[in-house]
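Taking it in order: structure first as structure tokens, then the write-up.
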Amino acid sequence: PPSPPKASRWKVLVNLATVVRGNEVRAEEVPTLLHLAQQHDLYVVAQVPDEAAAAAARAACTAAGLFKAGLRPCQLLVCTTPEGRRAFGRQLQPSVCVEADAATAQYLQPHLPHVGLITTTPMPPQPFALASSLTEYVRTVL
């Protein structure tokens with residue numbers, strides 16, 4: 001299908017940790033990521049300890065086909081701390097932010113329209129959405 005008009009494209013920020021197992025994007029999350037890369041303005045943030053881990057994040061995105069689907073290399077954002085992820089979220093002002101860290105989701109929730117936390121750990125009610133996978137969360141928002 002053709003891409004939606006620019007006006008209906010949402011800026012989406014996804015923490016890479018929500019969709020990887022080891023150094024690979026989980027197969028069940030690839031279709032959702034490809035859809036986001038093709039139909040929306042997708043940004044992926046990876047918190048990494050060093051350049052080797054940043055290269056592994058790029059390799060995971062490449063292997064999943066994200067760059068061919070529309071993710072530009074400059075839209076893979078890397079940082080070394082949770083504060084870096086929070087700063088990307090505040091600076092980009094995405095319509096949708098998908099996080100793996102409750103503290104980061106809590107910090108960003110008052111500033112962004114849609115914040116989701118991907119977790120399989122039972123939690124009390126939160127001011128942000130909870131889902132067990134990116135795919136589950138995207139179904140409720142987009």
Side-chain angles (χ1 to χ4, degrees), residues 1 3-67 69-142:
S3 295
K6 271 292 198 205
S8 65
R9 291 175 67 92
W10 287 30
K11 188 181 292 183
V12 179
L13 177 62
V14 174
N15 180 340
L16 188 63
T18 65
V19 295
V20 295
R21 182 178 299 116
N23 284 333
E24 295 182 354
V25 175
R26 293 190 318 272
E28 63 271 18
E29 298 287 27
V30 171
T32 299
L33 286 166
L34 293 175
H35 168 78
L36 292 173
Q38 292 166 346
Q39 303 295 321
H40 297 283
D41 194 11
L42 176 65
Y43 290 79
V44 175
V45 62
Q47 183 179 323
V48 298
D50 53 36
E51 283 299 316
R58 280 189 294 280
C61 290
T62 299
L66 296 182
F67 294 117
L71 182 71
R72 294 189 322 252
C74 65
Q75 289 172 292
L76 172 59
L77 311 170
V78 293
C79 60
T80 58
T81 64
E83 290 78 15
R85 286 197 331 273
R86 294 177 192 143
F88 282 135
R90 289 294 304 271
Q91 292 168 7
L92 287 172
Q93 290 290 299
S95 301
V96 177
C97 179
V98 183
E99 252 305 323
D101 173 60
T104 300
Q106 181 101 29
Y107 172 82
L108 291 171
Q109 188 278 326
H111 308 288
L112 304 175
H114 300 281
V115 176
L117 176 67
I118 306 306
T119 183
T120 55
T121 304
M123 296 182 75
Q126 299 292 323
F128 44 81
L130 299 173
S132 62
S133 70
L134 172 67
T135 300
E136 177 188 329
Y137 179 68
V138 166
R139 284 187 192 135
T140 66
V141 177
L142 298 173

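Please read these numbers as outputs of a predicted model, since none were measured by experiment. Reckoned from all heavy atoms, side chains included, excluding hydrogens, waters and symmetry mates.
Every side chain to side chain contact (heavy atoms under 4.5 Å, CB included) that Gln47 has, sequence neighbours left out, goes to Cys79, Pro82, Arg85. Residues meeting the side chain to side chain contact (heavy atoms under 4.5 Å, CB included) test with Ala60, sequence neighbours left out: Val25. Judged as a side chain to side chain contact (heavy atoms under 4.5 Å, CB included), and not counting sequence neighbours, the contacts of Ala17 are Asn15, Ala100. In this structure, Thr80 has no side chain to side chain donor-acceptor pair (under 3.5 Å) partners at least two apart in sequence or on a different chain. For Leu92, the side chain to side chain contact (heavy atoms under 4.5 Å, CB included) partners at least two apart in sequence or on another chain are Lys11, Leu13, Tyr43, Leu77, Pro94.
The salt bridge (charged side-chain N to carboxylate O under 4.0 Å, His left out) contacts involving residues 70-83 comprise Glu83-Arg86, where partners must be two or more places apart or lie in separate chains. Residues in residues 25-37 take part in these salt bridge (charged side-chain N to carboxylate O under 4.0 Å, His left out) pairs, two or more places apart or across chains: Arg21-Glu28, Arg26-Glu28, Arg26-Glu29.
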Q: Run the numbers on Cys61 and Leu16 for side chain to side chain contact (heavy atoms under 4.5 Å, CB included), then give the verdict.
A: CA-CA 9 Å; Cys61 290; Leu16 188 63; 4.3 Å; yes

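Residue Ala129 comes nearest to Tyr137 through the heavy atom pair CB-CE1, 3.5 Å, listed as atom of the first residue, atom of the second, then distance.
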Taking only distance into account, with no hydrogens and no angle test, what donor-acceptor pairs under 3.5 Å do side-chain atoms of residues 105-115 form with protein atoms, sequence neighbours excluded?
unit_1, atom_1, unit_2, atom_2, d
Tyr107, OH, Arg90, NH1, 3.4
Gln109, NE2, Pro127, O, 3.4
His111, NE2, Arg90, NH1, 3.4

Could you go through residues 116-124 and list every donor-acceptor pair under 3.5 Å that involves a side-chain atom there, pairing it with any protein atom two or more places apart or in another chain?
unit_1, atom_1, unit_2, atom_2, d
Thr119, OG1, Thr121, N, 3.0

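Heavy atoms from other residues, nucleotides or ligands lying under 6.0 Å from CD of Glu136 number more than 12.
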